[in-house]
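One structure is given here, and the rest of the page talks about it.
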Amino acid sequence: VYGLGRAGKSKIIPFGLAAVMVLPALIVAVVNVALAGQGVATEPVLPYARYPIVLSAAIAIFVAVQSTQAVSLDLRFHTLPLYLSRPLARADYVRAKYAALTSGLFLLMAVPILIMYVGSLFAEFPIGRETGNVVLALMGAMLYALVLGGIGLVIASLTARRGFGIAGVIAVLSLSYAIVSALQGWVGEMVGDMNTAGWIGLFSPMTLVDGVQAWAFGVDTSTPAGPPDGAGPVFFIVMLAVIAACYAALMARYRRVRL
């Protein structure tokens, strides 16, 4: 996922996006220390759990580029027969690719979150509170990784053309988030129906996981409208269904791939 073991050009995009993810976290950490030293702040200026939403564009690009790197090129250059000529089942291939992209995505989000956490400790914010918050944020990062990684791999596995796969993943992740956020803002602010605005969050992967975080972990939502009262379990069930559907779709896809 990060191009390790491949040519140098394979490392440029993943490590470049990792740098894009880390730099704002470093700035936030420094700001926290500075404000705390002046007695202005008693908590982080940016909650840990909100970081994936704030950097959602970089995450979407990472998923798009690296999911196609993971599977589209194998289809294009017909390398699957080389994999499966060994004692390796098609299910093993799917699980390995899903685990690789999920763990890579988790690291992409976890490292900057931990950097902000270290900054909070240097700022001498309450260690118990910050540790609890960062644990919840890391759990949320894993949920984002499972959902986004699964969706990215499913889309990428449908085409051997990497460019088509990248465009498809970005369209599904970024455009769905932009459209859902805009609809939530319009319905909530202009129409005044926050209940309906909250339900709209089910239709974007980013807002879906954000809703699960808000319900399960008690963190503030990062979208214009969080899950309505009593809707948290629905968001959670839909999220599990998306993960299961992605895995099932990948298994079905690779049962049909011709060697």
- Query: Any salt bridge between Lys97 and Asp74, counting N to O under 4.0 Å?
  - Reply: yes
Shared hydrophobic cluster, [X] / [Y] (ILVMFWY, side-chain heavy atoms < 4.5 Å):
X      : Y      : value
Ile61  : Ile179 : yes
Leu73  : Phe164 : no
Val111 : Val28  : no
Val209 : Val135 : yes
Ile27  : Leu17  : yes

Flag yes if more than 12 heavy atoms outside [X] fall under 6.0 Å of its [atom1] atom; otherwise flag no.
X      : atom1 : answer
Asp193 : CG    : yes
Ile127 : CD1   : no
Phe217 : CZ    : yes
Phe106 : CZ    : yes

Applying side chain to side chain contact (heavy atoms under 4.5 Å, CB included) between [X] and each of [options], report the one that passes.
X      : options                        : value
Ser67  : Ile155, Ile166, Leu101         : Leu101
Phe122 : Asn32, Val30, Val33            : Val33
Val242 : Leu148, Val147, Leu202, Leu146 : Val147

Minimum-distance pair of heavy atoms, taken over all atoms of [X] and [Y]:
X      : Y      : result
Met21  : Ala58  : SD-CB, 4.0 Å
Thr42  : Pro126 : O-CD, 4.3 Å
Gly5   : Lys11  : N-NZ, 4.3 Å
Cys246 : Gly150 : SG-C, 3.5 Å
Ala214 : Pro227 : CB-CD, 4.2 Å
Ala25  : Pro112 : CB-O, 3.3 Å

Flag, side chain of [X] to backbone of [Y], donor-acceptor distance under 3.5 Å:
X      : Y      : value
Ser204 : Val180 : no
Thr207 : Phe203 : no
Tyr177 : Pro205 : no
Ser10  : Gly3   : no
Arg90  : Ala252 : no
Ser72  : Thr159 : yes
Thr68  : Ala64  : yes
Tyr254 : Ser157 : no

Gap between atom [atom2] of [Y] and atom [atom1] of [X] - 0.5 Å precision:
X      : Y      : atom1 : atom2 : answer
Trp215 : Asp229 : CH2   : CG    : 13.5 Å
Ile13  : Gln69  : CD1   : CD    : 8.5 Å
Arg50  : Ile113 : CZ    : CD1   : 13.0 Å
Leu143 : Asp210 : CG    : CG    : 11.0 Å
Ile59  : Ser174 : CD1   : OG    : 10.0 Å
Thr131 : Leu121 : OG1   : CG    : 6.0 Å

- Could I get the full list of side chain to side chain contact (heavy atoms under 4.5 Å, CB included) partners for Met251, not counting sequence neighbours? Ala91, Val94, Tyr247, Arg255
- Item | Qualifying residues under side chain to side chain contact (heavy atoms under 4.5 Å, CB included), relative to Ile237, sequence neighbours excluded | none
Is the closest side-chain heavy-atom distance between [X] and [Y] below 4.5 Å?
X      : Y      : result
Met142 : Thr102 : yes
Trp199 : Val234 : yes
Val219 : Tyr48  : no
Tyr144 : Ile53  : yes
Arg129 : Glu43  : yes
Val187 : Ile200 : yes
Tyr117 : Glu130 : yes

- Task: Please test Arg253 against Leu75 for side chain to side chain contact (heavy atoms under 4.5 Å, CB included), starting from the C-alpha separation and ending with a verdict.
- Result: CA-CA 12 Å; Arg253 167 65 175 137; Leu75 295 170; 3.8 Å; yes
- Task: Before giving the answer on ring pair (Phe, Tyr, Trp, His ring centres under 6.0 Å), spell out for Tyr2 and Phe62 the whole-Å C-alpha distance, their side-chain angles and the decisive distance to 0.1 Å.
- Result: CA-CA 10 Å; Tyr2 284 94; Phe62 185 93; 5.5 Å; yes
